[in-house]
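One structure is given here, and the rest of the page talks about it.
A, B, ... follow the sequence lines: proteins, then strands. Residue 1 opens every chain.
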Amino acid sequence: MIDLTLLRENPDVVKASQRARGADESLVDQAVAADEARRSSLQQFEVLRAEQNAFGKLVAAAPKDEKAALVAQAQDLAAKVKAADAAAAESQLVLDTVMWKIENVVLDGVPVGGEDDFVVLREVGEKRAFDFEIRDHVAIGESLDIIDIERGAKISGSRFYFLKGWGARLELALMSLALDQAAAAGFTALITPTLVRPEVMAGTGFLGEHADEIYYLPADDLYLTGTSEVALAGYHSNEIVDLSEGPARYAGWSTCYRREAGSHGKDTRGILRVHQFNKLEMFSYIEPEQAEAEHAKLLAWQEEMLQKCELPYRVIDTAAGDLGSSAARKFDAEAWVPSQASYRELTSTSNCTTYQARRLNVRYRREDGKTANVATLNGTLATTRWLVAILENHQQIDGSVLIPKALRPYLGGQERIEPKPSKTPKAGA
RNA sequence: GGAAGCGUGCCGGAGCGGCCGAACGGAACAGUCUUGAAAACUGUCGUAGUUAAUAGCUACCGUGGGUUCAAAUCCCACCGCUUCCUCCA
């Protein structure tokens with residue numbers, strides 16, 4: 001939710017932001033009108049209520065024989081108060097509904113336009129020149145017997161998979177490397193619930209247009225989270241967070257579930273786009289003034305991880321139209337995927353400024369003792385998808401895959417994954 | 001799954017339907033005293049909305065409804081917690 005004061009004082013700024021996103025600009029005028037209506041009806045209610053409160057004291061103090069007459073009078077007033085209360089509540093609801101729809105105000109410098117209008121900030125690392133026929137991660141995963149997609153489909157359907165042997169260990173190694181890096185940077189590790197209540201899912205802004213992306217368990221009225229961001233953002237909801245010692249930073253690990261409802265036929269091969277994967281997510285609660293600096297730090301930590309995995313990548317500044325509704329700015333890091341001869345998103349970091357915190361009612365105490373909404377930021381530090389880039393970029397002519405040095409300590413010193421004849425027959429073979 | 005109990009401010013903990021935004025204790029903050037500190041004493045000490053206002057008014061005692069002229073206090077539902085039994089990784 002955006003700041004109501006900003007809406008009142010600078011509606012044009014909000015309008016310009018909506019325009020840049022390709023979102024509905026008229027919502028701004030609707031909100032301004034709803035705010036005025038709300039304040040006026042609230043005033044009416046409060047005046048009547050004050051009258052009723054004063055009258056109540058009169059009734060309480062009155063001698064017994066006068067009470068009946070006074071109560072009779074008060075009944076009329078009570079009816080008016082009830083009506084005014086209902087009207088005020090209604091106007092509040094109208095305002096909330098509109099405010100809930102207005103997206104975060106984009107920051108200066110965010111590229112205008114849609115999905116394809118991103119700006120490339122930099123390209124880092126050498127793309128390898130392969131002097132042999134490269135294979136994609138599916139072929140590599142099969143020959144090394146570390147990814148079993150057929151059996152994944154057999155037991156759970158398409159977009160499910162098994163990680164096996166060194167594949168399973170590689171993912172755990174990746175997560176551990178990321179967690180260690182995050183911990184060293186001052187993040188508190190957090191293993192989060194992946195089933196959350198409707199109000200948490202709504203509060204983090206995931207139940208809007210993309211509601212069909214989310215798994216829902218009707219028997220329990222719970223949602224499966226597509227990212228630990230949901231739990232991490234909800235962690236401090238309705239709290240006043242202590243930021244006097246610096247920002248609160250959490251590294252959340254969880255399995256993530258996505259229905260991929262809108263992406264039929266897209267990335268159907270392999271484990272690039274799946275219903276279930278693991279992710280280590282960084283999340284910061286910080287004073288709003290420091291949000292942009294924190295955003296740069298999150299991005300730097302992501303790049304550090306990519307470099308540890310020895311992956312060539314580029315960083316893009318996402319255009320306004322491609323931002324999530326909570327994000328004021330978003331940077332993606334995309335790794336080079338040789339089999340596709342293109343860059344694919346491995347990380348994403350969003351500065352949500354105070355938007356998410358306002359919805360979830362997360363505040364901190366400023367130096368002057370007043371409370372204010374914090375800023376929240378999030379960013380990926382590792383996901384299962386990284387295996388795609390690692391396997392493909394580090395494949396060798398002999399069919400093996402060289403393990404990035406930073407990961408080796410987490411794999412018992414193992415330097416490469418060698419193809420070996422599988423003892424388990426292929427499914428259906 | 002069965003049974004009982006409980007949800008009040010930063011914490012603990014009172015609260016006959018009107019005098020309760022809420023006793024009392026602790027913590028915290030400011031001051032007095034002190035060379036300084038502790039102790040003692042004095043004071044301050046919830047959040048938000050509205051408003052030009054740190055004036056006033058309004059709302060908030062788990063959440064949402066209801067009863068009443070009036071609800072922290074009565075009724076209902078939900079959520080959560082605790083204990084016991086049952087079950088279980």
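For the residue pair Glu418(A) / Ser400(A), no side-chain donor-acceptor distance below 3.5 Å is found, with atom types taken as modelled. In the model, Thr376(A) has a side-chain atom that pairs as donor or acceptor with a side-chain atom of Gln356(A) under 3.5 Å. In the model, Lys279(A) has a side-chain atom that pairs as donor or acceptor with a side-chain atom of Thr227(A) under 3.5 Å. When only modelled atom types and interatomic distance are considered, Glu281(A) and Ser228(A) share no side-chain donor-acceptor pair under 3.5 Å. Inspection of the Arg49(A) and Gln52(A) side chains reveals an N or O donor paired with an N or O acceptor under 3.5 Å. Donor-acceptor pairing under 3.5 Å is lacking for the side chains of Gln302(A) and Gln307(A). The closest side-chain donor-acceptor pair between Glu171(A) and Asn278(A) falls under 3.5 angstrom. For the residue pair His236(A)/Tyr364(A), the side-chain donor-acceptor check at 3.5 Å is not satisfied.
With both ends at atom P, the span from A71(B) to C85(B) equals 43 Å, rounded to whole Å. Only the C1' atoms considered, C29(B) is 39 Å distant from U83(B), to the nearest whole Å. Distance check on atom C1': C74(B) versus C84(B) gives 30 Å, rounded to whole Å. Comparing A22(B) with C75(B), their P atoms sit 26 Å apart, to the nearest whole Å. For A4(B) and G9(B), the C1' atoms lie 29 Å apart once the distance is rounded to whole Å. Nucleotides G21(B) and U58(B) place their C1' atoms 12 Å apart, quoted to the nearest Å. Rounded to a whole angstrom, the distance from the C1' atom of A38(B) to that of A48(B) is 39 Å. Nucleotides U68(B) and C79(B) are separated by 28 Å at their P atoms, to the nearest Å.
Using cut-offs of 30° and 60° for the angle between ring planes, the Tyr257(A) and Tyr215(A) rings count as perpendicular. Between Tyr216(A) and Tyr223(A), the angle of the ring planes lies from 30° to 60°, which puts this pair in the tilted group.
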Q. Reading RNA chain B 5' to 3', what string of ( ), [ ], | and . shows its pairs, if Watson-Crick and G-U wobble pairs count only when both distances fall under 3.5 Å?
A. ((((((((.[[[..)..(.....]]].(((((.......))))).(((((.....))))).[[[[[..)....]]]]])))))))....
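Proximity of residues 76-83 of chain A to RNA chain B (heavy atom under 4.0 angstrom from any strand atom) is restricted to Ala78(A), Lys82(A). Of the residues in residues 37-58 of chain A, those placing a heavy atom less than 4.0 Å from an atom of RNA chain B are Arg38(A), Arg39(A), Leu42(A), Gln43(A), Phe45(A), Glu46(A), Arg49(A), Ala50(A), Gln52(A), Asn53(A), Gly56(A), in numerical order.
The 5' end of RNA chain B is approached more closely, in terms of each residue's nearest nucleotide, by Arg363(A) than by the other of Arg363(A) and Gln75(A). Between Ala372(A) and Arg197(A), the one whose closest nucleotide on RNA chain B sits nearer the 5' end is Ala372(A).
Across all strands, Arg8(A) comes closer than 4.0 Å only to sugar-phosphate atoms, never to a base (heavy-atom distances).
A side-chain hydrogen bond (donor to acceptor under 3.5 Å, both in side chains) with Tyr313(A) holds for exactly one of Glu303(A), Glu334(A), Arg344(A); it is Glu303(A).
In summary, contact between chain A and RNA chain B, defined as any nucleotide atom under 4.0 Å from a heavy atom of the protein, begins and ends at G18(B) to G80(B) in the 5' to 3' direction.
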Identify every side-chain donor-acceptor pair in residues 175-186 of chain A under 3.5 Å, counting partners at least two apart or on other chains, and give the distances.
| residue | atom | partner | partner atom | Å |
| --- | --- | --- | --- | --- |
| Ser176(A) | OG | Leu172(A) | O | 3.0 |
| Asp180(A) | OD2 | Tyr410(A) | OH | 2.7 |
| Gln181(A) | OE1 | Lys308(A) | NZ | 3.0 |
| Gln181(A) | NE2 | Trp301(A) | O | 3.0 |

Without placing hydrogens or testing angles, list every side-chain donor-acceptor pair under 3.5 Å for residues 75-86 of chain A, not counting sequence neighbours.
none

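Using modelled atom types, no side-chain atom of Ser350(A) and backbone atom of Asn378(A) make a donor-acceptor pair closer than 3.5 Å.
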